[in-house]
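Accompanying notes for the structure given below.
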Amino acid sequence: MLRIAVAVVIGLAASYAILSAPSGAPKLHSEQGFLDLTQHSISEKPLKLQGEWEFYWQELLSPEDIHTRMAGGQTADRYINIPQSWLGYKLDGQELSGEGFATFRLVTRLSGQDRNEQLALRLPTIFHAYKLWVNGELLEEVGVVGENKSGMIPRLATKLVFFQSDNDTVELVMQVSNFHHKRGGITKDIELGSSNVLAARAKLKVASEMFITASLLVIGLYNMMLFVLRRRDRAPLYFGLFTVLFGIRSLLNGELMLTQWFPHFPWELQFKLEYLTLCLGGYIITKYFECIFPNYVSHWFRLGTAIATSVLCLVIVLTPALLYSKMLVLIGVIVVLQMAYLMVGLAVAAIRRMEGALIFLLVSVVALVTVINDFLYFNEWSIIGNTSPFGLLIFTIAQLVLLSSRFTRAATNEERIARELQEANNKLTEMNSSLEQIVLYRTHALSAAHEDLRMSYERLLHSEQGRKKLLAYITHDLRMPLSSMLGYVEAVMDMVKPERNEQYLRYIRDNTIRINRMIGELSFLSHLETGQVAYQMEPVRVIDFLRGFFEQYELVVRDTGLDFLLDTGHPEDIGHSEEDQRSDSPVVRMDAQRLEQALFNLVSNAMKFTASGGVVRLALTVEEANATRSAVISIQDTGTGIPPEQLEQIFDRNYRVDLPGMDKGVEGSGLGLAICREIVQAHGGTVWAESDGKTGSIFYVSLPCIGAAER
């Protein structure tokens with residue numbers, strides 16, 4: 001049993017070490033309220049906003065107020081390091097108290113990769129009410145910020161705030177007030193990063209804390225039930241009370257699950273529960289220790305512990321948080337002294353080879369270290385976060401193993417019960433052979449059901465991602481044409497120029513058709529980007545595919561006044577010659593319908609930018625490099641061409657070539673090339689363009705060929 005307990009402790013410690021490993025985020029600090037991230041991307045690795053923030057003491061300023069001051073030539077001259085309480089901050093030669101209010105400001109310059117990205121701020125608990133503006137927009141408010149005790153409402157909560165910056169600058173302005181606790185200000189790290197990464201981290205953190213909380217509560221209730229069944233032994237009662245107590249306390253720390261479930265839970269009651277559980281924990285664990293190892297706890301220690309715990313609990317119940325929060329160090333010292341005394345007794349019991357004393361001592365050391373770290377952390381003397389739930393979980397599991405061994409030993413001493421159960425055991429053994437088949441069958445059924453659920457979840461996840469992207473695209477791309485149409489509608493209604501009403505209505509109709517087409521393309525592009533489009537891949541000879549494509553769209557191109565040519569490298573492009581049937585004719589695994597759509601987008605693009613009388617040439621070549629054979633399809637036009645500096649951007653969503661004097665009648669959603677790229681990449685290929693910006697453009701689509709064995 002001792003080996004099992006040691007293995008459990010080591011396993012949990014290793015897991016915690018892995019989860020607590022550094023995230024690899026860059027160590028950057030702001031200076032005088034400015035943080036330069038132009039050389040660092042936060043999309044993959046969120047950053048803790050540490051360093052100097054602008055500090056406006058006893059002032060609640062909005063972003064407009066700060067900008068007005070700056071316009072008048074006033075600049076910030078005070079800065080405070082974050083995370084840090086303003087308690088003890090020296091202002092004009094005097095140290096500030098924990099009570100008061102202030103405004104914090106930080107300006108961050110983003111890198112080019114992070115511009116226009118969906119970002120998020122992960123806000124910890126901030127003492128004890130705040131408002132947060134991001135780029136002038138009020139995004140979060142916890143509690144009620146006020147300039148005095150009666151004018152504010154304290155509240156603690158962790159938040160995840162999402163936003164999107166339209167430029168490369170992010171301005172954070174935060175008003176904070178505190179009149180109910182000894183400490184005030186931003187005492188924990190605020191993280192800035194990609195919304196997806198921070199949301200995933202928040203979910204992982206919540207899951208971890210819920211696992212610890214649920215484990216503590218289940219273990220505690222289980223042991224209290226054991227006491228109900230066997231009242232002679234009080235060890236399970238005290239152990240159950242201890243674990244339930246700290247299971248409840250874990251809801252009041254970290255992600256503050258209690259306030260997430262009950263947003264209006266009284267703040268004062270929340271703090272009283274947190275401090276009461278801490279005070280009662282030392283006394284209860286003393287009673288538990290006395291049950292496990294009798295005669296190792298002196299009468300005077302029991303009496304002193306009871307008196308100290310009673311006094312502290314009365315102070316916490318009868319006084320406000322502003323008073324008893326100043327006693328946190330005293331409470332910590334008393335708890336640590338209690339645990340130290342018990343560990344001395346454990347060491348003596350271990351030397352005397354008392355059963356379970358060694359493992360009890362080892363896990364008590366772990367729990368003591370984590371509790372001491374928490375006291376240091378909440379007093380801003382440690383950079384390691386809340387660790388006591390983890391230490392207490394290890395302690396609880398080890399004690400559960402210890403109590404289980406006691407019950408096991410008692411059960412093995414009952415020989416009469418063992419003899420009576422022998423016959424029943426034989427019958428169960430016979431039943432087990434038949435149950436194994438049933439269990440195996442049910443296991444397979446559950447595995448199949450689990451796989452179905454997993455696939456359904458992945459489909460739902462892709463659908464949700466597609467919905468979010470489509471919503472973002474529509475919100476971004478339709479705002480301008482809808483605003484323009486609204487202006488014309490108002491012009492018609494107000495009879496601004498009645499003689500042009502017919503022209504206005506024709507413009508509104510054309511834009512409505514264009515928006516409808518754009519919505520369809522946006523929907524299809526979002527499905528492509530989230531992998532929701534199914535491809536029917538099959539081996540296809542590229543020459544046959546191109547000939548079919550050419551025959552289908554030849555009249556369409558020629559009707560626009562352009563010449564449409566096909567060049568497959570063979571003397572005849574229409575009909576099948578013996579040369580076409582050679583084994584080296586390129587074959588590509590493709591979805592012909594989707595690839596046809598991609599090529600038509602390129603041809604349509606060439607038609608838009610080529611004047612009447614021009615030429616559009618469709619050609620095929622085969623390239624071999626590094627033992628890899630590729631079929632390269634090119635679409636060449638004699639149009640206006642593309643400036644070379646814009647070639648790398650033309651496949652981005654909504655990007656349109658900007659040429660001086662370009663015909664304004666050339667319309668498009670800017671989505672065709674983006675759709676083309678997604679389809680080609682789904683085939684394992686690449687697409688690019690070449691142009692000198694004067695004599696037309698050439699678009700290339702390279703697709704990997706397959707060998708004869710794969711056909």
Side-chain angles (χ1 to χ4, degrees), residues 16 19-20 46 48-49 83 118-132 134 138-145 152-163 174-178 180-181 183-218 220-221 243-278 321 325 374 377-378 385-390 392-393 461 464 468:
Y16 183 79
L19 291 175
S20 303
K48 294 180 180 179
L49 301 180
Q118 182 74 15
L119 302 177
L121 286 168
R122 190 164 185 265
L123 302 172
T125 54
I126 296 176
F127 292 88
H128 272 95
Y130 68 90
K131 286 184 178 180
L132 172 67
V134 179
L138 181 62
L139 293 187
E140 190 58 67
E141 183 174 4
V142 174
V144 176
V145 178
M152 73 160 289
I153 300 176
R155 183 167 177 259
L156 289 180
T158 58
K159 295 289 183 179
L160 192 61
V161 178
F162 300 93
F163 66 96
M174 182 175 291
Q175 297 177 356
V176 182
S177 64
N178 170 64
H180 295 75
H181 196 271
R183 291 185 298 141
I186 307 172
T187 61
K188 300 178 182 178
D189 289 317
I190 299 174
E191 289 186 274
L192 172 65
S194 167
S195 59
N196 293 332
V197 175
L198 287 182
R201 287 190 180 183
K203 291 178 181 178
L204 182 61
K205 181 67 174 177
V206 169
S208 174
E209 292 190 2
M210 286 305 301
F211 170 75
I212 294 176
T213 301
S215 300
L216 292 173
L217 293 177
V218 169
L221 293 174
T243 52
V244 168
L245 205 62
F246 278 88
I248 295 174
R249 189 175 187 274
S250 65
L251 297 175
L252 305 172
N253 291 309
E255 293 299 312
L256 295 176
M257 299 306 301
L258 185 64
T259 57
Q260 291 193 28
W261 294 339
F262 307 100
H264 301 291
F265 192 85
W267 177 88
E268 187 74 28
L269 179 58
Q270 174 185 347
F271 256 84
K272 288 185 183 296
L273 288 175
E274 181 180 355
Y275 277 70
L276 285 173
T277 55
L278 188 60
S325 63
D374 276 10
Y377 175 73
F378 288 117
N386 186 29
T387 57
S388 60
F390 168 75
L392 291 172
L393 179 61
L461 185 61
E464 176 64 11
K468 289 181 178 179

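Computed from a predicted structure; not experimentally measured.
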With His128 via ring pair (Phe, Tyr, Trp, His ring centres under 6.0 Å) - residues at least two apart: His181, Trp267, Phe271

Provide the closest heavy-atom pair for Ile126 versus Leu156 in the form atom of the first, atom of the second, distance. O-CD2, 3.6 Å

CZ (Phe211) and CG (Leu216) are apart, to the nearest 0.5 Å, by 9.5 Å

Check whether any side-chain heavy atom of Leu132 sits under 4.5 Å from a side-chain heavy atom of Lys159, and report yes or no. no

Does Arg201 reach the side chain of Pro46, with side-chain heavy atoms less than 4.5 Å apart? yes

Exercise: identify the closest heavy-atom pair between Thr213 and Ser250: OG1-OG, 2.7 Å

Please report the shortest heavy-atom distance between Leu123 and Met174, naming the atom on each side. CD2-CE, 4.3 Å

Check: Gly185 main-chain N/O paired with Asn178 side-chain donor or acceptor under 3.5 Å: no

Could you give the distance from CH2 (Trp261) to CG (Leu251), rounded to the nearest 0.5 Å? 5.0 Å

By salt bridge (charged side-chain N to carboxylate O under 4.0 Å, His left out), Lys272 pairs with (sequence neighbours left out) Glu268

Test your reading of the model: is there a side-chain donor-acceptor pair from Thr277 to the backbone of Leu273, 3.5 Å cut-off? yes

Arg122 to Leu198 - nearest heavy-atom pair and separation: N-CD1, 4.1 Å

Report the distance from atom CG of Leu252 to atom CZ of Phe265, rounding to the nearest 0.5 Å. 7.0 Å

Answer yes or no: is there a side-chain heavy-atom contact under 4.5 Å between Thr125 and Thr158? yes

Say you draw a straight line from CG of Leu258 to CZ of Arg249; how long is it, rounded to the nearest 0.5 Å? 13.5 Å

Separation between CZ of Phe127 and CZ of Arg183, rounded to the nearest 0.5 Å: 4.0 Å

With side chains defined as the heavy atoms from C-beta onward, is the minimum distance between Leu139 and Leu121 less than 4.5 Å? no

Could you pull out all residues at least two apart from Arg155 that satisfy salt bridge (charged side-chain N to carboxylate O under 4.0 Å, His left out)? none

Minimum heavy-atom distance between Val176 and Tyr130, given as atom pair plus value: CG2-CB, 4.0 Å

Considering non-hydrogen atoms only, spot the tightest contact between Val244 and Leu217 and give its length. O-CD2, 3.8 Å

Kindly compute the distance separating NZ (Lys203) from OG (Ser208), expressed to the nearest 0.5 Å. 16.0 Å

